[in-house]
Amino acid sequence: MKYFLTSLVSLLVLTTSLQALQETDISTFMRTNIDIATGVLRDASIPKAEKAPKIFAMFDPVFDYVLMAKLSLGGKQWEGMGVENQERFVKVFEAKLKQSYMEKLDLYTDEKIVIKNSEKIKDARIHLTTHLMRNSEVYEIIYKFYKDKNNEWLIYDVDILGVSIIQTYRTQFADILTKESFEQLLTKLK
Amino acid sequence: MRLVYSLLIFCSVMLASTSSELEHEFSTSKEETLFDPLSGYNEVMTSFNDGVYEYVLKPISQSYAYVMPKPARESIDNAFDNLLFPIRFINNLLQLKVQNSFEELGRFVINSTLGIAGFIDVASSEFGLKKHDEDFGQTLGFYGLGSGFHVVLPLLGPSNIRDIVGLVGDTWANPLSYIESRNANLLDSSEEEFILKGIKGVNFTSLHVEEYDALKKDAIELYPFIRNFYESRRTKLISE
């Protein structure tokens with residue numbers, strides 16, 4: 001029991017010290033890391049295969065992949081599928097998100113990304129709007145943060161040009177699950 | 001010990017409440033409660049359109065891109081865009097975006113003259129005048145008309161009742177709809193119109209093949225993916 005408690009406490013402390021994104025830090029954290037990330041993308045001396053892992057390492061702590069997976073599948077489906085399947089799903093879903101992100105990186109040339117504003121929608125929601133500039137076009141990307149139980153802010157969804165990533169997966173998963181089984185959904189996701 | 005347990009329970013309750021709130025955020029969204037009576041037809045038409053894209057439009061666009069250098073294609077795209085000025089001008093005005101409609105007018109005048117019939121977008125590169133895309137579907141949405149159900153049109157792709165009505169207005173305001181052959185053509189033929197709109201389509205596609213392919217790779221189930229993308233995007237464009 002004592003061992004359990006110490007490990008629980010140390011786990012809590014560890015996660016807090018690793019992430020601990022406070023409300024006031026959101027803009028700074030994102031600006032700094034987006035700048036580093038675009039630097040990595042532009043740096044020709046870094047091999048292509050090493051770029052994505054570098055970027056993931058920076059942003060992973062602020063993405064709540066478990067929640068994203070749960071929201072994509074929908075609460076009802078999630079509750080009824082058991083812990084083991086939940087874990088399997090989160091794993092595949094996170095991999096899919098990253099895969100899709102890596103494919104987008106291939107399209108990157110020298111676009112600038114600037115933080116436009118940070119808006120507190122509700123007590124526990126913040127929308128951080130960024131603009132990706134390509135030639136004369138501006139693409140709006142909104143990072144949606146929520147405040148978790150430790151008062152830390154984590155990303156639960158990203159809007160690209162007004163299209164929510166989670167909503168996109170949700171509609172597709174709902175459509176697939178009306179016709180096919182969960183196992184088939186997992187296979188399609190892989 | 002009891003303290004730890006109550007703390008854990010408290011945490012999980014807290015977590016449950018935020019996550020059910022978030023669940024609510026998605027389950028009540030417009031896309032989720034979408035009424036889709038034509039889903040069967042839409043799904044078939046989506047695969048048909050996708051087939052046309054993959055086996056006709058994409059190969060043609062790629063061979064065209066092979067012979068036509070990118071700057072030339074971009075200029076052609078600019079010229080077509082410049083011709084579509086009436087649609088943007090009228091709809092900015094109808095939505096009372098007076099400043100934007102004046103900028104559009106300025107763009108049209110500058111690009112048609114200095115920009116050599118619209119082939120060079122000097123208005124945005126030299127004068128900082130940006131394009132303000134608005135169409136009749138957006139104007140109808142601006143005045144509160146709901147989207148109606150989703151309809152996938154042959155060749156034209158995803159749409160909905162509101163945007164189909166808007167399409168009638170757009171066709172009316174589109175100069176390309178009025179192009180006719182210069183020689184005395186007794187039979188009223190719309191061939192030239194289709195050829196021009198076809199060239200416009202191929203030219204446009206040739207500039208965006210990579211983007212579309214990257215987008216499509218994200219789809220697990222094509223029809224709901226495109227429907228959700230289209231409806232969310234339109235809602236966003238109307239709100240701007």
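Fair warning: this is a prediction, and the values are worked out from it, not measured in the lab. Keep in mind that the numbers below use all heavy atoms, side chains included, and drop hydrogens, waters and symmetry copies. Residue numbers start from 1 in every chain, and the chains themselves are labelled A, B, ... in the order their sequence lines are given, proteins ahead of strands.
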Check: So which part of Leu161(A) gets closer than 4.5 Å to some heavy atom of chain B, the side chain, the backbone, both or neither?
Finding: both

Item checked: Other residues, nucleotides, ligands: >12 heavy atoms within 6.0 Å of Phe142(B) CZ -> yes

Margin query: Check this for me: His208(B), atom NE2, are more than 12 non-hydrogen atoms of other residues, nucleotides or ligands nearer than 6.0 Å?
Written below: yes

Notebook entry, point to check: With only heavy atoms counted, which part of Gln99(A) is less than 4.5 Å from chain B, the side chain, the backbone, both or neither?
Noted result: neither

Item checked: Stepwise side-chain contact (heavy atoms from CB on, under 4.5 Å) check, Gln167(A) with Asn228(B) -> CA-CA 8 Å; Gln167(A) 190 76 63; Asn228(B) 178 70; 3.5 Å; yes

Notebook entry, point to check: Considering all heavy atoms of both residues, which atom of Gly162(A) and which atom of Ser232(B) are nearest to each other, and what is their separation?
Noted result: O-CB, 3.5 Å

Margin query: Less than 4.5 Å to any heavy atom of chain A: does that hold for the side chain of Lys130(B), its backbone, both, or neither?
Written below: side chain

Next item on the list: Look at Asp121(B), Leu215(B), Asp218(B), Leu222(B) and state which one has the largest set of heavy-atom pairs under 4.5 Å with chain A.
Entry: Asp218(B)

Checklist line | Interatomic distance, Lys70(A) atom NZ to Glu23(B) atom CD [nearest 0.5 angstrom] | finding: 7.5 Å

Margin query: Strictly distance-based, threshold 3.5 Å: is any side-chain N or O of Arg233(B) a donor or acceptor partner for the main-chain N or O of Val163(A)?
Written below: no

Notebook entry, point to check: With a 4.5 angstrom heavy-atom cut-off, which part of Lys190(A) approaches chain B: side chain, backbone, both or neither?
Noted result: neither

Checklist line | More than 12 heavy atoms of other groups within 6.0 Å of Lys104(A) NZ | finding: yes

Margin query: Does Glu183(A) have more than 12 heavy atoms from other residues, nucleotides or ligands lying within 6.0 Å of its CD?
Written below: yes

Item checked: Side-chain donor/acceptor of Gln172(A) to backbone N/O of Pro224(B), under 3.5 Å -> no

Next item on the list: Using a cut-off of 6.0 Å, state whether more than 12 heavy atoms not belonging to Tyr143(B) lie near its atom OH.
Entry: yes

Check: When only pairs under 4.5 Å are counted, which of Lys122(A), Lys144(A), Glu140(A) shares the most heavy-atom pairs with chain B?
Finding: Glu140(A)

Check: To the nearest 0.5 Å, what is the distance between CD (Glu211(B)) and CZ (Arg134(A))?
Finding: 5.0 Å

Next item on the list: Enter the distance from Tyr169(A):OH to Ile220(B):CD1 here, rounded to the nearest 0.5 Å.
Entry: 5.5 Å

Note to self: Measuring from atom OH of Tyr156(A) to atom CD of Glu25(B), what distance do you get when rounded to the nearest 0.5 angstrom?
What the structure shows: 3.5 Å

Check: Measuring heavy-atom distances to chain B, does Asp157(A) have an atom under 4.5 Å in its side chain, in its backbone, in both, or in neither?
Finding: side chain

Item checked: Over 12 non-hydrogen atoms of neighbours within 6.0 angstrom of NZ in Lys120(A) -> yes

Check: At what distance, to the nearest 0.5 angstrom, does CD of Glu43(B) lie from CG of Asp175(A)?
Finding: 6.0 Å

Notebook entry, point to check: Considering residues, nucleotides and ligands other than Lys179(A), do more than 12 of their heavy atoms fall under 6.0 Å from its NZ?
Noted result: yes

Next item on the list: Give a yes or no on whether Lys216(B) atom NZ has more than 12 heavy-atom contacts from other residues, nucleotides or ligands under 6.0 Å away.
Entry: yes

Margin query: Are the side chains of Glu221(B) and Lys188(A) in contact, using a 4.5 Å heavy-atom criterion?
Written below: yes

Check: Roughly how far, to the nearest 0.5 Å, is OG1 of Thr171(A) from CZ of Phe26(B)?
Finding: 10.5 Å

